[in-house]
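In what follows, a single structure is set out as structure tokens and then discussed.
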There are 2 protein chains.
Amino acid sequence: MTLSPLAPPRFPDLPIIDGVRFASGAAGVKYEGRDDVMLAELAAGTTIAGVFTRSSTRSAPVLDCQSKLGKPSGERAAFLVNSGNSNAFTGSAGEKSVEALCLGLSDVMTIPEDRIFTASTGVIGERLPHGRIIDTMNDLNARLSPSEIKGAASAIMTTDTFAKGASADVEIDGKVVRIAGIAKGSGMIAPDMATMLVYIFTDAKISQPDLQALLGVLNDKTFNCITVDSDTSTSDTLMVAATGASGVDVTDSAGFTQALRDVMLDLAHQVVRDGEGATKFVEIRVSGAASDTEARVVGLSIANSPLVKTAIAGEDPNWGRIVMAVGKSGAQADRDRLAIRFGDITVAENGWVSADYTEDAGVEYMKQQNLVIGVDLGIGGGLGTVWTCDLTHGYITINADYRS
Amino acid sequence: MTLSPLAPPRFPDLPIIDGVRFASGAAGVKYEGRDDVMLAELAAGTTIAGVFTRSSTRSAPVLDCQSKLGKPSGERAAFLVNSGNSNAFTGSAGEKSVEALCLGLSDVMTIPEDRIFTASTGVIGERLPHGRIIDTMNDLNARLSPSEIKGAASAIMTTDTFAKGASADVEIDGKVVRIAGIAKGSGMIAPDMATMLVYIFTDAKISQPDLQALLGVLNDKTFNCITVDSDTSTSDTLMVAATGASGVDVTDSAGFTQALRDVMLDLAHQVVRDGEGATKFVEIRVSGAASDTEARVVGLSIANSPLVKTAIAGEDPNWGRIVMAVGKSGAQADRDRLAIRFGDITVAENGWVSADYTEDAGVEYMKQQNLVIGVDLGIGGGLGTVWTCDLTHGYITINADYRS
């Protein structure tokens, strides 16, 4: 797989999060010659929050994780993730695989099964060869290290072309709280819950209910505002683990909220930047909508439109297709108040092309790799921003051949 | 443009509809060396019904047509359609163009302006050079002929690779009622009203309110059940004109309803078969849903999924992506009751791959040009069928370069 042209220059230096250790290894679930399992150990007392796909055909590991959230957090905990097979739509065999993995890891690490959260990503509908993963557990457990987060980020990749990581720190009451996160995902990416697999670690101290509530709010402004192809995975999982090792209580801390949001948005953008076949990163800013919700609806209608996405791929300033996407969104809109901008260029206003706009200026703007499309509906105060990528021959190539 | 591999062998022989005459010509709106305007004259007393895009940014001609439906039908009437420019998002200039066209044709044909229905299809956001169309009117009017429907079907094409026509007749009380229709459309095709431009003519006798009601019902089972790319045009227009020349009253006639439905479905299928870049025609039959509405929602979720459509393009029996599309649809579904069929092959049942299914059988099935995907949700009695095509490199090529 060729590296995405939108990839960051390198994997970031992520801070060590006190209370978290990582290991990764090669179980041979499907891929040859690369790591495909990651293990994260979380210190006793770590609070864990999660949001998951709302798909009605969600995978066995997702259902298992959901059932375990909010249980007592006194004991150590673990995240166990494999790539290559999603263990989704595998009937009762899927649940048995999850049980076998949790039981196996519980034995190896002496952690209660209800503190073990698994995830699987890859092909749907094939039985997970969980025995191969269990065979690696002793080795993974022996190699746990606080500094191995990059290996973990690499092990969970599927069609990703680069490993994704982000971090932030924030000073609260003279002490530093650290956050580090990793993510995977590049196709089957759409809002309606997060998307793909995301694991975020912090040494902040916060109760499980408070962390869960915060995660839900931030998710709506980050992962739920990105889309690659409008398809929602059966395995989408976003988990945050707060070890409390910093001793800093971050309940209701605006600084921590902002830092966590920054990490989530950074990871969300990286997923879009690794969108299958992507050559352009597109921010769509909607203003003047009847409500924030309607602004997001309009933004996603534009971001998911195949005709808008192919125009961007062709560097064609085809703003008529943006008008179309606004029109079909179902949100309140008035053709004669609509304004469209490409970056700082006013393309259309009052329902028609702007007197100052020239096609040459639009063509020149579209040549950039990072685009900002502004849409003002002129109706109310609703605001929303979504992020997406273009739709190219690369997407077709990847997805017409991925499984066969 | 290469002819779609899914095109019918030839344009059908359409019957003459008593009371209707056609002409087409080259106004040079945008295209060179081909006809781009069609005129249809409808006899005095013709009742006219229509359904239109629900886009909030719909075009000036759509708004004008909507305002004219249901007015007295004593006088003759006319349809005037151009290709190459959609006169959409052209502000007040767009309305002036429509007025100029109606006024011009009213003078030439001595038909009241409120009996003239125009439509425009093509690029959005550019001023319609209506003068060029007006310049052709005398010639078009002089050449009106009952047998020129094929030329009309060709003149309204944009990215279409073949002209679309269909017909049916039905005997009622010993007399024959005839129906003939034409359509254009191959991209920006999605339900939520019809799609593209469709004109259907019949010599049946039926009141405008009855015809309008019938059209709405049939539209929901035909044009509202097809999708090429989930994008909804700003110009979608479907009109039916009943001249009454047969003298046969078809009010509440089951035979007429069925015949009109057949023509609409035939034209809808032809639009899908001319879907931009299409190489496969796909019927998705959903059963066992909580309601007919939910069945349609599930069908469209599958039909609009880029991952399902690219798998079909790659002849990959990737039924996991169908599970995904069911899951994300929002409709009530139970993973463990879900069954999937490719034609007569049971692929999955009870939440997992069928014991009898082989990948070889799936691969062989997917090589066909016409595919039937069956999904049974196992929940209720809801039924629905939708039609779509695959998503190929051809779609990207056409749409990344169409306007520039």
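The basis for the numbers below is simple: all heavy atoms, side chains too, and nothing from hydrogens, waters or symmetry mates. Order of the sequence lines sets the chain letters (A, B, ...), proteins ahead of strands, with each chain counted from 1.
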*Heavy-atom distance under 4.5 Å to chain A: side chain of B:Arg58, backbone, both or neither?*
backbone

_Contact class of A:Leu377 relative to chain B, heavy atoms under 4.5 angstrom_ = neither

*Taking the side chain as every heavy atom from C-beta outward, state whether A:Arg335 and B:Leu63 have any atom pair closer than 4.5 Å.*
yes

*With a 4.5 Å heavy-atom cut-off, do B:Val353 and A:Glu126 have their side chains touching?*
no

_Within-4.5 Å side-chain heavy-atom neighbours: B:Thr53 and A:Lys328_ = no

*Engaged part of A:Ser92 at the chain B interface, taking heavy atoms whose separation is under 4.5 Å*: neither

*Residue pair A:Arg127 / B:Trp352: nearest heavy atoms and the distance that separates them*: NH2-CH2, 3.4 Å

_Shortest non-hydrogen separation from A:Leu391 to B:Ile396 and the atoms involved_ = CG-CD1, 3.6 Å

*B:Thr293: side chain to side chain contact (heavy atoms under 4.5 Å, CB included) partners, not counting sequence neighbours*: B:Ser291

*For B:Leu338, is it the side chain, the backbone, both or neither that has a heavy atom under 4.5 Å from a heavy atom of chain A?*
both

*May I ask you to name which of A:Gly94, A:Gly327, A:Ala313 has the most heavy-atom pairs under 4.5 Å with chain B?*
A:Gly327

_Heavy-atom cut-off 4.5 Å, strictly under: side chain, backbone, both or neither for B:Ala88 against chain A?_
neither

*Could you give me the CA-CA distance, side-chain angles and deciding distance for A:Thr397 and B:His393, then say whether side-chain contact (heavy atoms from CB on, under 4.5 Å) is met?*
CA-CA 8 Å; A:Thr397 300; B:His393 286 288; 3.0 Å; yes

*Assess whether atom CD of A:Gln332 is packed by more than 12 heavy atoms of other residues, nucleotides or ligands within 6.0 Å.*
no

*Least distance between heavy atoms, A:Ala348 atom then B:Phe89 atom*: CB-CE2, 3.8 Å

*If you count heavy-atom pairs under 4.5 Å between each of B:Asn350, B:Val326, B:Asp334, B:Thr392 and chain A, which one has the most?*
B:Thr392

*Gap separating the CD atom of B:Glu276 from the CG atom of A:Leu307, nearest 0.5 angstrom*: 6.5 Å

